[in-house]
Amino acid sequence: MLEEINSPSDIKKLSQPQIKQLAEEIRQKIITTVSKNGGHLASNLGVVELTIALHRVFDSPDDAIIFDVSHQCYAHKLLTGRYARFDTLRQKDGISGFTNVDESPHDFFTSGHSSTSISAALGLLTSWNQQKKDGKVVAVLGDGALTGGMAFEGLSNAGQLRKNLIVILNDNQMSIDHNTGAVSRYLSRLSMSKGYQSFRYRVDKLVERMVEKMPSFGRPIDKFIFRFKRSLKGLLLANNLFTDLGFEYVGPLNGHNIPMMENVLRKVRNLSRPVVVHVVTKKGKGYEPAENTPENFHGVGPFDIDNPDFDSGGALTFTQAFSNTILDAAVREPKITAITAAMAQGTGLTEFSRKFKERFFDVGIAEEHAVTFAGGQAKGGLIPVVCIYSTFIQRAVDQIIHDVSLQNAHCIFVLDRAGVVPGDGVTHQGLFDIALFRPVPGLKILSPVSAADLKLCFDYALAQGCPVVIRYPKAVCPKERPEFNQKLKEGRGILLQTEGKSVRNKYLIVITGSMYSEAQTALEDPSVRSLKTDLYITRFIKPFDEEYFVSIAEQYKGVLFVEDGVRTGSLSEHLVCTLALKKYTRTKILAFGDRYYGHANREQILEEAGLSARGIAQALMEFRNA
Ligand SMILES: Cc1ncc(C[n+]2csc(CCOP(=O)(O)OP(=O)(O)O)c2C)c(N)n1
């Protein structure tokens, strides 16, 4: 049946038994595709019925459905004409794992970062209203996304503007891991009150009837009556957070009961005020392993459906290397705390959270708060280690400048997924951190090359009295070399020399730590090998010992810079200028261009940007031939 669905209008005519079958087909399609391509499984399985109900009641794209983060948009994609391409999910030139404005008119926002849907939806609705365009706007966000401050900024503004914004709160009590924080506890209390909704309805009716019997005396009295109604209702039933902010509130509803949800959605469609529809769903619904441990099926690589097993096969990743590093360090240094913004597993903090419970803080999807909270902890004498993906720290640039660096607070920022991020696409690449943080005074930035180097960098960061950023990629650590164990010298890198030629006849490749494997592979290319090229691993992005570097670099026949970040604002660009001021101009830069890079695997993304092993070898050859 799913094959026949080309647009949401095709599902509007289906009977309820057909709809049930459709939901089952969507689930199977999601499970088989994600098992092959990887992707977000548990979140998508949880919203199949909700997505069907939304598309039966609303008329996308005349109405807009905006998914928060949008990692849960697979059923939406399958119902909006992307079934035929669904097998290409997250693959190069295939469809994205998130909503993407370039992909379909049904995707109103290119999303990937959390807690933005209410603001985006409210802006769209305001725009449509001002242009007298009909059309309803729905924001779908999870209870995890509701822990993000931006969601509350949006709610506050929506409560004030009083437009018919429809907010669907998809409450599965899970963020990636179990949701944390007071907001999460609050939602649990709401969803436990089973008879609440019908009670609320009866009280509403009763109050309306009482007020109708009162005579009208014009505007001031109307205002008084409105307040009277509110307080009477407030006396008879507890208002909740949403009603207090000016929203109607409906729920909690069973998010797997399509007819019931359709019924409610049809009613809220025509309200003249903002409304929150609180829907309770089961993350991972329909696939037992994901229902049992949804945290293991949030974002996954390919897996065997009958026997899922996510063992990395023994290869040490940077994430695991960091996990070991912080565990060791925390035993030695009791002042260390670890802070995550809902990414304990992804950043390698699960073990830390078990062993050092009282020193571990999952603050929810609240990167800005995480950073300022760390600033406060540091000022109080602790050494907070804030673990956030490079792409998500973008949110907290001001907090790093204002609340940490300006205070010279001794915080350590560990940026996982720096550089190229496979699979997730434009919203998740970690290409901006160097350019964003290099200009910040008082901040040190390190880019370790291996697991041993990561440990050295971490120990160095612990010994500083100032903020330090450590960035590394989503990748397996390269094989150790004795040089990687060299003690850190502030601002200086690691020089790996080839033998056989004088420096004047050699080329130098200068890399950020994450580019070591590709540079090394390039150097093994037979044509490049004959060039006798040396490698300088910068280790430090900042501070950088320029004098020392220039004294080395200017001896070479040419210097090729390879940096896994955007070129504008890069370290490479700065060093090329530094060398040029010394009248040395035989330089070339390989870095990411002034555009966004989509979903593909690491090699493909690097290839596209010219930074693959092949790209490096080619640049070196062209350089020589120039
Ligand atoms: C700013 C930001 N921080 C972190 C993430 C990583 N992340 C993706 S989904 C997710 C959990 C979302 O939970 P919820 O909104 O409840 O949706 P569910 O997956 O449970 O449906 C997190 C933390 C993100 N996308 N954006």
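For ligands, and for the atoms within them, numbers begin at 1 and follow the listed sequence.
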Practice item. Using a strict 4.0 Å threshold on nitrogen-to-oxygen distance, state whether D143 and K283 make a salt bridge. Key: no
Practice item. May I ask you to check whether over 12 heavy atoms, not counting those of R595, lie within 6.0 Å of atom CZ? Key: yes
Exercise for review: Could you tell me whether K29 and D87 have a side-chain N and a carboxylate O separated by less than 4.0 Å?
Suggested key: yes
Practice item. Could you give me the CA-CA distance, side-chain angles and deciding distance for F98 and H428, then say whether ring-ring contact (aromatic ring centres under 6.0 Å, His included) is met? Key: CA-CA 10 Å; F98 296 87; H428 282 64; 4.9 Å; yes
**Study point:** Residue shell around ligand 1, heavy atom under 4.0 angstrom
**Key:** S43, V69, H71, G112, H113, S114, G142, D143, G144, A145, N170, N172, M174, S175, I176, K283, H298, A342, M343, I365, E367, F392, R395
Practice item. Before accepting this row, confirm whether a basic side-chain N of the pair E49/K285 lies closer than 4.0 Å to the acidic partner's carboxylate O. Key: no
Review point. Is D433 salt-bridged to R417, cutoff N-O under 4.0 Å?
Key: no
